[in-house]
Amino acid sequence: MPGWTFDDEKLLRRMFSADDPTFELAEARTHELMELMVFYKCAMMEIETKFNVLNAEYSLMHDRNPIQSIKTRLKSPRSIRDKLIRRNLPVSIDSIEQNLTDIAGVRVICSFPEDVYALIRALLRQDDITLIDMKDYIANPKPNGYRSLHIIVEIPIFLEHGKKRIKVEIQLRTIAMDFWATLEHQLRYKKEFEFTEEMMQELKECADISAKLDLRMEAIRKAVLPAKIDYSALQDEMF
Ligand code: 0O2
């Protein structure tokens with residue numbers, strides 16, 4: 001599959017031959033997993049296309065793009081295995097499908113906070129999308145200051161013989177939220193470094209400052225480009 005390395009494939013063979021030493025079985029399971037990963041990739045592409053369509057329609061209706069960029073990622077076999085082991089879950093194809101909801105990830109970077117809610121509402125109105133879970137870290141930021149709207153949706157993938165429903169994790173955030181989260185993620189992964197209380201406080205203050213910046217920019221946007229639709233009730237209506 002494009003994007004997969006030889007190392008990934010070697011790891012997959014080791015993962016799935018742990019309990020059963022026969023190479024054929026390991027190979028069959030590897031194929032099964034690769035097939036599942038293709039389904040996740042297709043679901044991810046479907047969601048990305050849906051956001052691109054919404055962006056095009058909004059730019060026509062409102063003379064501006066609510067989406068700055070879209071990033072997609074498929075979890076690597078190594079991260080999948082590590083996550084299952086970390087959670088004491090079986091390492092198997094069924095277990096992946098039943099227990100993990102973030103194999104396919106789509107991150108949508110929006111211009112303004114209101115765009116996050118407008119887009120998610122438009123997406124959830126589509127009749128092939130089922131909402132599985134929602135975490136609103138914009139209305140309720142994490143204690144460290146992290147802000148984003150996370151949803152898990154299920155979408156059908158149409159195959160040669162039938163269809164399959166696949167879960168996709170979608171994260172929506174503004175440019176300011178993404179700026180903070182990207183840098184915080186980089187810093188947090190410097191594992192050899194112990195964060196002091198003061199540093200964590202400083203990071204939290206940076207997150208709060210960027211949230212204020214978002215609101216101030218949004219206020220300017222409202223003055224310059226008044227919305228042609230009423231956004232005010234969107235957030236309340238969603239919950
Ligand atoms: P990656 O590489 O981004 O995928 P779970 O997702 O099931 O492990 P949880 O905590 O219930 O667990 O999920 P949640 O809260 O929806 O957050 C999952 C993802 O959100 C993370 O994925 C990050 O991408 C992002 N995220 C959550 N909290 C933070 C945070 O404090 N800082 C930053 N920078 N990102 C955050 P992963 O698995 O960490 O990695």
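Only this structure's heavy atoms are used, side chains among them; waters, hydrogens and symmetry mates stay out. Atoms within each ligand, like the ligands themselves, are counted from 1 in listed order.
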**Prompt:** Quick one: does atom 20 (O) of ligand 1 have a protein heavy atom under 4.0 Å from it?
**Reply:** yes
- Query: Purely on distance, is any nitrogen or oxygen of Lys142 under 3.5 Å from one on ligand 1?
  - Reply: yes
Under 4.0 Å between heavy atoms, the region of Met134 that gets near ligand 1 turns out to be neither
One should read off an interatomic distance between Lys75 NZ and Glu169 CD, to the nearest 0.5 angstrom, of 8.0 Å
Nearest non-hydrogen protein atom to atom 39 (O) of ligand 1, with distance, is Tyr189 OH, 4.0 Å
**Report entry** Distance-only donor-acceptor check, side chains Ser148 and Arg107, under 3.5 Å
**Finding:** no
task: Determine, step by step, whether Gln171 and Arg173 satisfy the side chain to side chain donor-acceptor pair (under 3.5 Å) criterion, reporting the C-alpha distance in whole Å, the side-chain angles of both residues, the deciding distance to 0.1 Å, and the verdict.
output: CA-CA 7 Å; Gln171 298 181 353; Arg173 46 171 85 148; 3.2 Å; yes
Below the 3.5 angstrom mark, is there an N/O of Trp180, backbone or side chain, next to an N/O of ligand 1?
no
Margin query: Could you tell me if Gln68 and Ser111 have a donor-acceptor pair between their side chains, going purely by distance under 3.5 Å?
Written below: yes
Within 4.0 Å of some non-hydrogen atom of Ala181, the atoms of ligand 1 are 34 (N)
for atom 35 (N) of ligand 1, nearest protein heavy atom and its distance come out as Tyr146 CE1, 3.3 Å
Establish whether Tyr40 and Leu84 are linked, either directly or via other cluster members, by ILVMFWY side-chain heavy-atom contacts under 4.5 Å. yes
Looking only at non-hydrogen atoms, the one of Arg87, Arg86, Glu184, His150 nearest atom 12 (O) of ligand 1 is Arg87
Check for a donor-acceptor pair, side chain of Glu218 on one end and backbone N or O of Glu114 on the other, with a separation under 3.5 Å. yes
Take Lys50 and Asp128, measure what salt bridge (Lys or Arg N to Asp or Glu O under 4.0 Å) needs, and give me the verdict at the end. CA-CA 11 Å; Lys50 282 178 180 290; Asp128 55 346; 3.0 Å; yes
Min over Arg188, Gln171, Arg73 of heavy-atom distance to atom 23 (C) of ligand 1 lands on Gln171
among protein heavy atoms, the one nearest atom 11 (O) of ligand 1 is Lys135 NZ, 2.6 Å
The reported gap from CG in Asp178 to OG in Ser210 (rounded to nearest 0.5 angstrom) is 10.5 Å
Problem set entry | Heavy atom of protein inside 4.0 Å of atom 37 (P) of ligand 1, strictly below | no
Looking only at protein heavy atoms, what sits closest to atom 15 (O) of ligand 1 is Tyr137 OH, 2.6 Å
Counting heavy atoms under 4.0 Å, the part of Asn144 that contacts ligand 1 is side chain
Out of Lys83, Met177, Arg147, the nearest non-hydrogen contact to atom 8 (O) of ligand 1 is supplied by Lys83
**Asked** How are the rings of Trp180 and Tyr146 set to each other: parallel, tilted or perpendicular (split at 30° and 60°)?
**Response** tilted
- Message: For the backbone of Ser59 and the side chain of Asn65, can you confirm whether one donor and one acceptor N or O come within less than 3.5 Å of each other?
- Response: no
For atom 3 (O) of ligand 1, the closest protein heavy atom turns out to be Arg107 NH2, 3.8 Å
